[in-house]
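Below is one structure; the comments refer to it alone.
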2 protein chains.
Amino acid sequence: MKISKKGEYAIRALINLALNYGKGVTQIQDIAKSEDIPVKFLEQILLSLKNAGFLQSKRGKGGGYLLDRSPDKIKLGEIIRLIDGPLAPLACVSITDHVQCSKEATCGLRSVMVDVKDAISEILDHITLTDVCKRIEGKKDRRLETLMYNI
Amino acid sequence: MKISKKGEYAIRALINLALNYGKGVTQIQDIAKSEDIPVKFLEQILLSLKNAGFLQSKRGKGGGYLLDRSPDKIKLGEIIRLIDGPLAPLACVSITDHVQCSKEATCGLRSVMVDVKDAISEILDHITLTDVCKRIEGKKDRRLETLMYNI
DNA sequence: TACTTAGTCTATCAAATTAGTATATTTTGA
DNA sequence: TCAAAATATACTAATTTGATAGACTAAGTA
């Protein structure tokens, strides 16, 4: 049930860009360094994300990437679907990749997996990059509070 | 986010055996036929399931497999974990395969994936083979009603 | 006892996927 | 024109997936 390294890198890169939203472009090198992703691998990933409409790019000196939409318009589910394919645990319950099966109507396993897919989608198709950024801030704040309290 | 064919076959085989629970052994051949699984592949799968304590076997003429526990004591999550590994989308949120990461406390992605893992586990670690069998019966009943109504 | 049936065990394999590298090209700003 | 940075392909090593093959063991039965 795992997402791939590529998928994880894609999300981390987008979170990184979301944290810098509104502050101009960020270069591949910088993202690679701060997120600890192999540069050449990240190039490919960012290119796919650009072609899929998540990013804008600027070439040449002073170039780099930036989000093409506001981070509250980018949902994690979209990113994972692009890089890793359907969220569904079985092809027969995927909306995007649906493969017909003759026993569908009475299949007990399918029925369970529909529930699982819905539960995953309920989270990943609603949470945005902005939400993730808020979670990060929230956690940092809480750590700071704990730190202050402990002094 | 998919489960493997092997995992799917394992669950289907166990559901098949659950439907025959209390009626003696079932042979690999028969399960393979009714679930449309390659026989030699299924042999391996059933052997793993036996070694993991899901099944009992009887060798020689009149032999076959049967559940080692009542189907209401076997949860889908256990089966998937055995065959496909952790339910968690990222290793850092897996209870069984937990890999430590330095940024854990403030990682926004991790925090989301914890929620996803919990949502998946909430379903798969509670639903049993008996529950799946009931779903099958329920669906058949409903289809029958529809059929009767249409006559 | 010999034969058949059915599970057990281990090895092997082709294809696909994953996680990258490598290299050359194009665009842009200074 | 030079350097920086994205773009575009091609390639590859390792691992995983989805099987297949064959020899072996145990149990019932004629």
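The sequence lines fix the lettering, A, B, ..., with proteins before strands; numbering per chain opens at 1.
Rounded to whole Å, the distance from CD on A/Q29 to P on D/dA3 is 17 Å. For the pair A/E8 CD and C/dT18 C1', the computed distance is 14 Å after rounding to whole Å. Across the protein-nucleic acid pair, A/I28 atom CD1 and D/dA4 atom P stand 15 Å apart, rounded to whole Å. Taking atom CG of residue A/D30 and atom P of nucleotide D/dA4, one finds them 14 Å apart after rounding to whole Å. Summarising the geometry, the separation between CZ on B/R59 and P on C/dT4 is reported as 19 Å, rounded to the nearest angstrom. Here C/dT17 presents its C1' atom at 15 Å from NZ of A/K2, a figure rounded to the nearest Å. In this entry the distance linking CG of A/L55 with C1' of D/dT7 reads 14 Å, nearest Å. We find that NZ of B/K5 is positioned 18 Å from C1' of D/dT20, with the value rounded to whole Å.
Residues B/D131 and B/T128 bring a donor and an acceptor atom of their side chains to less than 3.5 Å of each other. No donor-acceptor contact under 3.5 angstrom links the side chains of B/N16 and B/T26, judged on distance only.
We find that A/D72 and A/K134 are not joined by a salt bridge, their nearest charged nitrogen and carboxylate oxygen being 4.0 Å or further apart. Using a 4.0 Å cut-off between charged side-chain N and carboxylate O, A/R81 and A/E78 make no salt bridge. Using a cutoff of 4.0 Å between basic side-chain nitrogens and carboxylate oxygens, A/K103 and B/D36 are not scored as salt-bridged. The residues A/K5 and A/E8 are annotated as salt-bridged, a charged nitrogen and a carboxylate oxygen being separated by less than 4.0 angstrom.
Minimum heavy-atom separation, B/A13 to B/L46: CB-CD2, 4.0 Å.
Taking only side-chain nitrogens and oxygens, A/Y9 comes nearer than 4.0 Å to OP1 or OP2 of C/dG20. At least one side-chain nitrogen or oxygen of A/K58 sits closer than 4.0 Å to the OP1 or OP2 atom of C/dG29. Between D/dT16 and B/K6, no contact under 4.0 Å exists linking OP1 or OP2 to a side-chain N or O.
Comparing atom distances between the A/K61 side chain and each of C/dG29, D/dA19, D/dA6 picks out C/dG29 as nearest.
Mapping B/S4 and A/G64 onto DNA chain D by nearest heavy atom places A/G64 closer to the 5' end of the strand.
Residues from residues 33-54 of chain B with heavy atoms under 4.0 angstrom of DNA chain D, sorted by number: B/P38, B/K40, B/F41, B/Q44.
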